[in-house]
Amino acid sequence: MKKSFQEKVLEIVGKIPIGKVLTYKKVAKEAGNPKAYRAVGNILHKNHNLKIPCHRVICSNGEIGGYNRGEKEKRKLLTREGIIIK
DNA sequence: CGTATGACGTGCA
DNA sequence: GTGCACGCCATAC
């Protein structure tokens with residue numbers, strides 16, 4: 001059974017260690033399609049699985065991007081892990 | 001199958 | 001540095 005792009009993305013994001021952040025493009029590349037960063041954001045947006053540290057996924061320009069619980073919460077979580085966002 | 005959407009990225013003015 | 005437009009892919013309907 002082939003894992004859907006979503007499964008790959010969720011697995012990759014779920015493997016992100018603390019203190020480390022990946023960009024949507026990087027995750028998409030790891031998932032198999034470096035150009036699917038659009039789908040990555042779409043998947044994470046639809047994904048309501050709190051078990052996935054999706055807050056460790058940020059834009060390539062250093063922006064937070066977004067978060068289901070609010071961008072403020074995401075920035076707080078990242079800062080709490082030692083990752084300073086703009 | 002075609003259209004619409006989305007937490008992006010890049011290029012250009 | 002900022003703002004706008006286009007392209008890109010996967011998913012949902």
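Here is the naming used below: chain letters follow the sequence lines, and residue numbers restart at 1 for every chain.
For Ala36(A), counting side-chain heavy atoms from C-beta on, the closest listed nucleotide (dA12(C), dA10(C), dT10(B)) is dA10(C). Of all nucleotides listed (dA7(B), dG9(B), dT11(C)), dT11(C) comes nearest to the side chain of Lys46(A). Distances were taken from every side-chain heavy atom of Phe5(A) (C-beta onward) to each of dT10(B), dA10(C), dA7(B); the shortest belongs to dA10(C). For Ser60(A), the side-chain atoms get nearest to dT10(B) when compared with the rest of dA10(C), dT10(B), dC8(C).
Salt-bridge check for Lys20(A) with Glu81(A): failed, with every basic side-chain N at 4.0 Å or more from each acidic carboxylate O. Between Lys8(A) and Glu30(A) there is no salt bridge, since no side-chain N of the basic residue sits under 4.0 Å from a carboxylate O of the acidic one.
Here the P atom of nucleotide dA7(B) and the CG atom of Leu77(A) are 19 Å apart, to the nearest Å. Rounded to whole angstrom, the span from the OH atom of Tyr67(A) across to the P atom of dG6(B) amounts to 20 Å. The nearest whole Å value for the distance from the CG atom in Leu44(A) to the P atom in dG6(B) is 15 Å. Taking atom NE2 of residue His55(A) and atom C1' of nucleotide dA7(B), one finds them 14 Å apart after rounding to whole Å. The separation between Asn61(A) atom CG and dA7(B) atom C1' is 12 Å, rounded to whole Å. Atom CD of Glu63(A) and atom P of dG3(C) are 11 Å apart (whole Å). The distance between atom OH of Tyr37(A) and atom P of dG6(B), rounded to the nearest whole Å, is 18 Å. Computed from coordinates, the Gln6(A) CD to dT11(C) P distance equals 7 Å when rounded to whole Å.
For the atom pair OH (Tyr37(A)) and CG (Asn42(A)), the distance works out to 13.5 Å, reported to the nearest 0.5 Å.
The phosphate of dA10(C) (OP1 or OP2) has a side-chain N or O of Asn33(A) nearer than 4.0 angstrom.
Judged by distance alone with a 3.5 Å cut-off, a donor-acceptor contact links the side chain of Tyr24(A) to the base of dA7(B).
Side chain of Asn47(A) to main chain of Leu10(A): no donor-acceptor pair is present (N/O by atom type, distance under 3.5 Å, no hydrogens or angles). The backbone N or O of Ile64(A) sits less than 3.5 Å from a side-chain atom of Lys74(A), completing a donor-acceptor pair.
Take the nearest nucleotide of DNA chain B for Lys25(A) and for Asn47(A): the residue whose nucleotide is more 5' is Asn47(A).
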